[in-house]
Amino acid sequence: MKRPLAALVPYIFPVGVLLLWEAAAAAGLLPDTLMPRPSAVAVSAWETLISGELFTHLGVSALRALSGLAIGGSIGFLLGLANGVSPLFREATDTTLQMIRNIPNLALLPLVIVWFGIGEGAKLFLVAIGVFFPIYLNTLHGIRNVDPQLIEMGSAYGMKRTELFRKILLPGALPSVFVSLRYALGIMWLTLIVAETLSASSGLGYMAMKAREFMILETVVLSIILYALLGKLADVITRALERRALAWSPAYAAS
């Protein structure tokens with residue numbers, strides 16, 4: 001299959017679903033009061049785009065998501081590295097982290113409101129704690145599963161501990177780190193949807209909740225589609241970074 005045609009293959013199914021959806025609505029099999037047709041959603045998207053409202057809500061949601069990812073992801077990554085290279089540090093902290101991990105982050109919502117109120121701090125905290133554990137666990141897993149023979153060989157060649165970490169441990173853990181990042185991005189958007197219901201005055205979640213109150217289903221569906229597209233965009237960017245960072249690996253070089 002030629003490369004341009006191969007690039008279109010992943011989009012055949014979603015385009016087919018949209019066409020069937022539009023056809024079912026046009027035939028009266030799917031009432032607009034139950035699920036608005038794609039053409040109506042497209043009209044709603046165009047109207048909010050022209051008014052500038054769409055860019056405003058997109059920008060606010062993206063900023064919240066990326067800020068929470070930066071905070072929670074950085075802490076999770078650093079703790080994963082620390083627990084991966086230090087058995088003592090792992091014994092001191094990992095058990096506590098595993099207990100906290102089993103608490104659903106959205107179950108903390110009442111406490112979060114007490115701690116941070118209903119401002120931006122609460123939203124950032126929920127997103128940060130949502131992405132923290134996937135990145136922490138996979139970073140720890142990646143460090144601990146680096147081939148010990150590579151470390152032994154590096155030591156035999158006279159590498160210092162910093163060199164071992166920089167040239168063997170960290171590159172060996174990168175595949176797991178990128179897997180954790182892709183997984184965390186999904187949780188990031190999922191958590192943000194709930195976080196933006198906390199008396200927000202902007203963002204895609206606010207746009208969806210406002211539309212729900214007035215039963216404007218086109219805008220509700222538009223918000224859901226935008227979350228999906230943002231998630232796909234984030235995943236595409238992450239995979240591109242993954243291929244670039246892991247170009248030294250035969251598996252990624254082949255792809």
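Every value quoted in this text rests on a predicted model; they were computed, and no experiment measured them. Position 1 is the first residue of the sequence; numbering continues from there. Keep in mind that the numbers below use all heavy atoms, side chains included, and drop hydrogens, waters and symmetry copies.
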> Which heavy-atom pair separates Gly130 from Thr191 by the least distance, and what is that distance?
Replying inline: CA-OG1, 4.4 Å
> Which heavy-atom pair separates Ser180 from Pro134 by the least distance, and what is that distance?
Replying inline: CB-O, 3.3 Å
> Taking side chain as C-beta onward, heavy atoms only, is Tyr227 less than 4.5 Å from Leu190?
Replying inline: no
> Heavy-atom distance under 4.5 Å between the side chains of Tyr206 and Val60, does that happen here?
Replying inline: no
> Is the closest side-chain heavy-atom distance between Tyr183 and Ile135 below 4.5 Å?
Replying inline: no
> Is the count of non-hydrogen atoms from other residues, nucleotides or ligands lying under 6.0 Å from Leu88 atom CG greater than 12?
Replying inline: no
> So which heavy atom on Leu169 is nearest to which on Ile143, and how close?
Replying inline: O-CD1, 3.9 Å
>> Distance check, rounded to the nearest 0.5 Å: Leu233 atom CG versus Ile237 atom CD1?
In response: 4.0 Å
> Mind checking whether Met35 and Val221 have side chains closer than 4.5 Å, heavy atoms only?
Replying inline: yes
>> Using side-chain heavy atoms (C-beta onward) and a distance below 4.5 Å, is Leu78 in contact with Tyr136?
In response: no
>> Run Gln98 and Asn102 through side-chain hydrogen bond (donor to acceptor under 3.5 Å, both in side chains) and show every step you take.
In response: CA-CA 7 Å; Gln98 295 304 327; Asn102 287 285; 5.3 Å; no
>> For a quick check under 3.5 Å, do Ser176 and Asn145 share a side-chain donor-acceptor pair by atom type?
In response: no
> Which heavy atom of Arg64 sits nearest a heavy atom of Leu192, and at what distance?
Replying inline: CB-CD1, 3.8 Å
> Counting heavy atoms not belonging to Arg101, are there more than 12 under 6.0 Å from its CZ?
Replying inline: yes
> How about Arg90 and Leu140: do any of their side-chain heavy atoms sit closer than 4.5 Å?
Replying inline: yes
> Hey, does the side chain of Ser74 reach the backbone of Ile71 with a donor-acceptor pair shorter than 3.5 angstrom?
Replying inline: no
>> Classify the ring geometry of Phe125 against Trp115: parallel below 30°, tilted from 30° to 60°, perpendicular beyond 60°.
In response: perpendicular
> Which atom names give the shortest non-hydrogen contact between Pro38 and Leu18, and what distance separates them?
Replying inline: CG-O, 3.7 Å
> Which pair of non-hydrogen atoms, one from Ala45 and one from Leu54, has the smallest distance, and what is that distance?
Replying inline: O-CD2, 4.1 Å
>> Assess whether a salt bridge exists between Lys123 and Glu196, defined as any Lys/Arg side-chain N lying under 4.0 Å from an Asp/Glu carboxylate O.
In response: no
> Is a side-chain N or O of Arg182 found less than 3.5 angstrom from the main chain of Asp235, in a donor-acceptor match?
Replying inline: no
